[in-house]
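Contents: one structure, followed by commentary.
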Amino acid sequence: MSMACLELSKEVKLKEEDVECTKDGSVDLKGNAAIRETSGKWVAGFMILLNQALATLAFFGVGVNMVLFLTRVLKENNADAANSVSKWTGTVYICSLVGAFLSDSYWGRFKTCAIFQVIYVTGLSLLALASQLYLLKPKGCGNRTTLCGEHSTMEVGLFYVSVYMIALGYGGYQPNIATFGADQFDEQHPGECSSKVAFFSYFYLFMNLGSLFSNTILDYFEDEGMWALGFWASAASAFAALILFLGGTARYRHFKSSGNPLSRFGQVLVAATKKGKVEAPENEDDFYQGEDDDDTTGGRKMLHTHGFKFLDRAAVVTSKELESQKQGDHNPWRLCPISQVEEVKCILRLLPIWLCTIIYSVVFTQMASLFVEQGDAMKTTIANFRIPAASMSTFDILSVAGVIFLNRRVLNPLVKRFKKCKDDDAGLTELQRMGIGLVIAVMAMLSSGIVECYRLKYASNDCKHCEGSSSLNIFWQVPQYAFIGASEVFMYVAQLEFFNAQAPDGLKSFGSALCMTSISLGNYVSSFLVSIVMKISATDNMPGWIPGNLNKGHLDRFYFLLAGLTLLDLVAYIACAKWYKNIKHSEKIQEHEEEDTCEV
């Protein structure tokens, strides 16, 4: 009896005590305020990082050798295969907008990640099954020496249905998992805020570590013609990622979806247009602030900023709106809170920066297409061991890992010391790092072009498929892969941080999707450039810059063209970066009466 009383006493005492909750508005699975000690942080963050590594392993198990699968199994030529890969990869990342829209508007990040991962696993399983039963005929085909036979329209269609299911699943999941991982850290808490910044670097690192296995072990098996084995391994990895993700359900922190952003944007544009002749006041306090409980933009309210002044008219209270308010009638298509107007301004300011990242993505996508074709036409043997051309991307991954370490442990501390600042965010800004990434991308293309010049010098023109037709060793590609890896750290990690930090609270997944959509459009632009270059250069019986026989072409000129375009892009980017103004938030709206605590 005394023990029962003791337990009851402890229970009552526990209920009376308050526990610390997060301050950023995150909630648990039931919709209650998230308790700091039992939710989120690195326990949840590490599960998401492992999930990302496994999912990426599966993705690159398909994507890294797709150009070779298309040429050896489906028998497409080099230019068509490069274009097919660019279009597929572009579709992967354009689907990120679909996932981000559903996440921010209706489903929330957790549900969106789970649903798209199921689609992803289904697509991978279908691809493995289609390859094993229909595409790899005769048995053992698809290696360097044995091409596969002809395929029916249904068999080819089944292949494309499966790979585009993979594109939809991986694309819809990817921007949300990055943002969902960042959600596990409270930016209002000093310790967790620094962890949130670090998370993006580790996220990109784990993504690259996941692809390391694909680019070495799976790449070797696939290059030797064991495509079905590689695809089944990818499907198993994606399934393990899904199980791991669902296993952390009770630990995750969540943010509520904020509704359809398209209607909010439309309301601002319509309201501003209707008041085209109304003068906006100089004093920002004169703008309509919304009701105290108004949560239109799904998070912290944004402060008024200068620029795009024509949109400010949407928040001007005219005599007509004043009369309607007195009657308790409010039309959101005529009057919008200034925070809602600022949400639209914020996205408009991000667009020029985003557009300047597309040319970089054109450079990045060459690693999965033309770099592989270039490497395949070089000397790929050491003694009796053959190095698959696609496995050279291992040096990109090693470069990413090394530069992330150097950036966090060496470069950032040096910059802080130079600036004489002690803040965690006092290193290079996201915009500065993105500019450095563009500079390194120029170096990558120059390196690629120089290597191609020497490859052609030692190449034989009289070859059928030109695999291994140049005596120049494939390891001469190491610098261009290393440069691409270094540029990724400065460009893509900074992009993830920048778009996540600068996007409105109700559009965080959209911010991450902007980064991925940049990669998407980069692939489409790359495909377009290849088509235009071939159309212009393949005239008067000339084979063009990127023919089926690379030894008769001038791939080096294409690389130098990309170097020039990236240099021009850098100039435009610097102008846009100087013009950009950071987002300004008011203090976080607290839903709890207590400042830092919530009741058990």
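As a basis for the values below, the full set of heavy atoms in this structure was taken, side chains included, without hydrogen atoms, waters or symmetry mates.
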Counting the benzene-type ring for Trp, do [X] and [Y] have ring centres under 6.0 Å apart?
{"X": "F510", "Y": "F101", "value": "no"}
{"X": "F371", "Y": "Y559", "value": "yes"}
{"X": "Y360", "Y": "Y492", "value": "yes"}
{"X": "F59", "Y": "W88", "value": "yes"}
{"X": "F245", "Y": "Y252", "value": "yes"}
{"X": "Y580", "Y": "F498", "value": "yes"}

inquiry  = For a side-chain contact (heavy atoms from CB on, under 4.5 Å) check, start with the C-alpha distance between L102 and I115, then their side-chain angles and the critical distance, and finish with the verdict.
reply    = CA-CA 11 Å; L102 292 172; I115 290 173; over 6 Å; no

Do any N or O atoms from the side chain of [X] and from the backbone of [Y] form a donor-acceptor pair under 3.5 angstrom?
{"X": "S26", "Y": "T22", "answer": "no"}
{"X": "S103", "Y": "G99", "answer": "no"}
{"X": "Y170", "Y": "Q117", "answer": "no"}
{"X": "T112", "Y": "G108", "answer": "yes"}
{"X": "S234", "Y": "G230", "answer": "yes"}
{"X": "S487", "Y": "A441", "answer": "no"}
{"X": "W354", "Y": "L514", "answer": "yes"}
{"X": "N208", "Y": "Y204", "answer": "yes"}
{"X": "S447", "Y": "M443", "answer": "no"}
{"X": "K508", "Y": "N500", "answer": "yes"}

Within 6.0 angstrom of [X] [atom1], more than 12 heavy atoms from elsewhere:
{"X": "F560", "atom1": "CZ", "result": "yes"}
{"X": "Y160", "atom1": "OH", "result": "yes"}
{"X": "F308", "atom1": "CZ", "result": "yes"}

Could you pull out the closest heavy-atom pair between [X] and [Y], with the gap in Å?
{"X": "I353", "Y": "R349", "answer": "CG1-O, 4.3 Å"}
{"X": "L242", "Y": "N51", "answer": "N-ND2, 4.2 Å"}
{"X": "L411", "Y": "L428", "answer": "CD2-CD1, 3.7 Å"}
{"X": "V442", "Y": "A563", "answer": "CG2-O, 4.1 Å"}
{"X": "L438", "Y": "T566", "answer": "O-CG2, 3.7 Å"}
{"X": "Q495", "Y": "C515", "answer": "OE1-CA, 3.4 Å"}

Separation between [atom1] of [X] and [atom2] of [Y], rounded to the nearest 0.5 Å:
{"X": "L431", "Y": "N582", "atom1": "CG", "atom2": "CG", "answer": "7.0 Å"}
{"X": "I532", "Y": "L561", "atom1": "CD1", "atom2": "CG", "answer": "11.5 Å"}
{"X": "Y106", "Y": "N260", "atom1": "OH", "atom2": "CG", "answer": "4.0 Å"}
{"X": "R251", "Y": "I48", "atom1": "CZ", "atom2": "CD1", "answer": "11.5 Å"}
{"X": "L562", "Y": "S526", "atom1": "CG", "atom2": "OG", "answer": "7.0 Å"}
{"X": "S339", "Y": "R264", "atom1": "OG", "atom2": "CZ", "answer": "9.5 Å"}

Requested in this report: Describe, in one word, how the ring planes of F203 and F199 are oriented to each other, choosing from parallel (under 30°), tilted (30 to 60°) and perpendicular (over 60°).
Outcome: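 If you compare the ring of F203 with that of F199, the planes turn out tilted.
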
Between F110 and F180, what is the ring plane arrangement, given parallel below 30°, perpendicular above 60°, and tilted in between?
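F110 vs F180 ring planes: tilted.
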
Those residues at least two apart in sequence (or on a different chain) that pass salt bridge (charged side-chain N to carboxylate O under 4.0 Å, His left out) with K196 are E187

| said: Going by salt bridge (charged side-chain N to carboxylate O under 4.0 Å, His left out), name the residues that satisfy it together with R253, two or more places apart in sequence or in a different chain. | reply: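 Per chain and number, R253 pairs via salt bridge (charged side-chain N to carboxylate O under 4.0 Å, His left out) with E192.
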
[Y] and [X], any side-chain heavy atoms less than 4.5 Å apart:
{"X": "F265", "Y": "E343", "answer": "yes"}
{"X": "F364", "Y": "I484", "answer": "yes"}
{"X": "L446", "Y": "Q480", "answer": "no"}
{"X": "V344", "Y": "I347", "answer": "no"}
{"X": "D312", "Y": "I338", "answer": "yes"}
{"X": "Q174", "Y": "M207", "answer": "yes"}
{"X": "V121", "Y": "L124", "answer": "no"}
{"X": "S257", "Y": "S105", "answer": "no"}

- Could you walk me through whether D183 and H254 pass the side-chain contact (heavy atoms from CB on, under 4.5 Å) check? CA-CA 7 Å; D183 288 346; H254 307 262; over 6 Å; no

Stepwise side-chain contact (heavy atoms from CB on, under 4.5 Å) test for K345 and H304
CA-CA 10 Å; K345 286 186 184 181; H304 176 257; 3.8 Å; yes

[X] and [Y]: side chain donor to acceptor below 3.5 Å:
{"X": "S518", "Y": "S361", "answer": "yes"}
{"X": "S512", "Y": "T179", "answer": "yes"}
{"X": "N176", "Y": "S509", "answer": "yes"}
{"X": "Y202", "Y": "S195", "answer": "no"}
{"X": "E342", "Y": "T305", "answer": "yes"}

Applied to residues 483-500, the salt bridge (charged side-chain N to carboxylate O under 4.0 Å, His left out) test, sequence neighbours excluded, yields R433-E497

Q. Does D186 pair with R36 as a salt bridge, N-O distance under 4.0 Å?
A. yes

Exercise for the section: Go through the steps for E452 and Q477 under the test side-chain hydrogen bond (donor to acceptor under 3.5 Å, both in side chains), then give the verdict. Expected result: CA-CA 9 Å; E452 179 63 12; Q477 281 192 312; over 6 Å; no

### Query
When you look at T91 and Y524, which way does the side-chain contact (heavy atoms from CB on, under 4.5 Å) test go after all the steps?
CA-CA 9 Å; T91 303; Y524 287 124; 3.0 Å; yes

Next on the checklist: Please determine whether ring pair (Phe, Tyr, Trp, His ring centres under 6.0 Å) holds for the pair F185 and W42, giving the CA-CA distance in whole Å, both sets of side-chain angles, and the decisive distance to 0.1 Å.
Outcome noted: CA-CA 8 Å; F185 304 96; W42 280 114; 4.8 Å; yes

